[in-house]
Protein chains: 2
Amino acid sequence: MTPPQFNSWQSIQDEVLRRIHAREWPPGTVIPNEADLAQDFGCARATVNRALRALADAGILERRRKAGTRVALHPVSRATVDIPLIRQEITARGLVYAYRHLSRRIASPPRDVAATLCAGTPCEGLHVTALHLASDAPFVFEDRWISLTTAPAAAAQGFETLSANEWLISTIPYTHGDIRFSAEVAPESIAELLGTSPGAPIFVVERTTWDHTRAITTVRLNYAPGYSITTGIGTPS
Amino acid sequence: MTPPQFNSWQSIQDEVLRRIHAREWPPGTVIPNEADLAQDFGCARATVNRALRALADAGILERRRKAGTRVALHPVSRATVDIPLIRQEITARGLVYAYRHLSRRIASPPRDVAATLCAGTPCEGLHVTALHLASDAPFVFEDRWISLTTAPAAAAQGFETLSANEWLISTIPYTHGDIRFSAEVAPESIAELLGTSPGAPIFVVERTTWDHTRAITTVRLNYAPGYSITTGIGTPS
DNA sequence: GATGCAATTATGTCTATACATATTAATCTG
DNA sequence: CAGATTAATATGTATAGACATAATTGCATC
């Protein structure tokens with residue numbers, strides 16, 4: 001009659017997952033509170049808390065004070081995507097990285113960029129375009145605007161040999177950002193740069209980074225056809 | 001001379017982030033150990049641990065036993081992408097969800113699908129195709145194979161009114177999966193289904209889910225032009 | 001019945017202490 | 001000096017107890 005001893009928070013996580021999978025706790029169920037579970041499992045409440053918190057982070061449980069813990073109704077799978085430097089992305093595939101600077105000028109950004117970069121008010125931005133190559137093959141075309149309000153030091157940079165991204169992350173730290181993945185077809189200008197034909201499918205990543213409330217840079221990465229992002233989903237166990 | 005009191009693990013996280021951003025601890029630095037930091041901050045070691053562990057989860061710190069904690073050399077930003085049910089994805093936009101079943105047959109999957117679904121050995125699979133509509137407009141074309149070895153119960157399902165995904169997640173729980181995002185151009189068959197023209201850009205999500213070592217299903221979601229995935233990056237603070 | 005206040009309750013977090021574990025550094029040995 | 005053994009160390013985790021906080025529930029009042 002001795003309850004099986006769950007000593008580690010991972011074993012508790014496994015047991016909770018087992019009960020969810022076995023439909024002992026179907027989606028929507030409010031599961032027993034931490035104190036009761038701790039007694040059931042023969043461990044401290046903090047240990048149960050650790051396990052349940054991890055599952056809540058993974059989107060499997062939903063927790064609210066006083067209301068308790070329930071099994072998520074819609075098991076939203078959550079995928080964590082690593083966004084490495086393009087240099088790393090290329091060298092990790094065993095290819096040779098090369099950077100080719102294309103253009104650089106100070107100008108007023110177009111309206112859509114200005115909306116995020118300058119919060120509507122007119123401002124000066126640094127427009128930089130460049131090509132990243134993997135073993136001499138075009139890999140991604142970068143089209144970037146840098147806010148000279150937030151990052152005035154960028155005005156002194158040529159970005160002829162060092163990619164703007166690498167300079168930025170080692171100089172202007174950011175607090176947060178947003179990212180958008182989409183699919184587009186290559187217009188003639190981009191197709192030419194990427195060494196492909198117009199109409200080719202382009203994987204597009206648009207990213208804006210912020211330092212607190214001020215936008216630093218917004219970039220549009222146009223990946224050559226064949227590019228894909230792969231990652232895992234599910235319990236990190 | 002009283003050290004500023006950091007009472008919560010979040011305030012400690014903020015302070016550590018501040019020191020990293022202020023280049024007091026540039027990338028690569030091995031930061032003081034938990035015990036020392038706890039004394040500096042005037043709190044318990046467990047509190048420091050909580051803060052540092054969260055930053056390590058976010059990819060900002062790298063921790064190894066005995067070796068200590070260092071600021072990540074390459075601040076790999078990590079984006080967490082929620083993968084909701086298509087129904088939710090559509091209703092969340094304020095549109096009306098509709099499901100249209102297209103085909104269903106039991107067959108041997110093509111080689112590339114068999115490789116993941118049956119681990120190479122020949123096997124039977126259930127092939128289901130369907131269209132998800134958002135306020136009568138085609139939203140995504142689903143092309144799915146279900147393993148009848150892992151999920152034999154699927155053979156009894158028609159999938160005429162209930163989407164395969166919704167049936168699966170409420171019937172066959174999965175332990176983990178992998179996911180791939182890419183861009184393609186619509187072939188004629190898919191363009192027609194999505195109500196667009198051949199050559200239109202299609203955002204493609206390919207997903208395989210597993211129950212431990214056995215594959216359950218592999219699905220290819222072809223999103224109508226204009227679709228994008230948006231999420232945030234940076235410190236979850 | 002509607003409304004506002006208070007009691008209750010479950011999670012959230014902090015503390016102090018202890019032990020576990022991985023990994024490096026030091027030391028001993030052939 | 002090479003290789004194996006041992007000690008030292010930083011993180012990882014468990015525990016019991018306490019208090020904080022949010023949110024619901026129920027009660028009292030209008």
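Naming: A, B, ... by sequence-line order, numbering from 1 per chain. Remember, it's a predicted structure, so these values are computed and weren't measured experimentally.
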Check: H212(B) main-chain N/O paired with T175(B) side-chain donor or acceptor under 3.5 Å:
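Pair found, side chain donor or acceptor close to backbone of H212(B).
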Classify the ring geometry of F181(B) against F203(B): parallel below 30°, tilted from 30° to 60°, perpendicular beyond 60°.
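Ring orientation of F181(B) relative to F203(B): tilted.
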Return the value, rounded to whole Å, for the distance between atom CD of Q39(A) and atom P of dA16(D).
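In whole Å, dA16(D) P and Q39(A) CD are 11 Å from each other.
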Using whole Å, report how far CD of E62(A) lies from P of dA23(D).
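Taking CD of E62(A) and P of dA23(D), I get 14 Å after rounding.
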Got a sec, which residues hit side chain to side chain donor-acceptor pair (under 3.5 Å) with S182(B), two or more places apart in sequence or on another chain?
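Partners of S182(B) by the side chain to side chain donor-acceptor pair (under 3.5 Å) criterion come out as none, since no residue qualifies.
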Partner set under side chain to side chain donor-acceptor pair (under 3.5 Å) for E62(B), not counting sequence neighbours
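Per chain and number, E62(B) pairs via side chain to side chain donor-acceptor pair (under 3.5 Å) with no residue.
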How does protein reach along nucleotides 7-14 of chain C, written 5' to 3' as B (base within reach of a heavy atom under 4.0 Å), S (only sugar-phosphate), or - (no contact)?
-BBBBBBS
For the residue pair R78(A) and T80(B), confirm or rule out a side-chain donor-acceptor distance under 3.5 Å.
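The criterion, which ignores hydrogens and geometry beyond distance, is not satisfied for T80(B) and R78(A).
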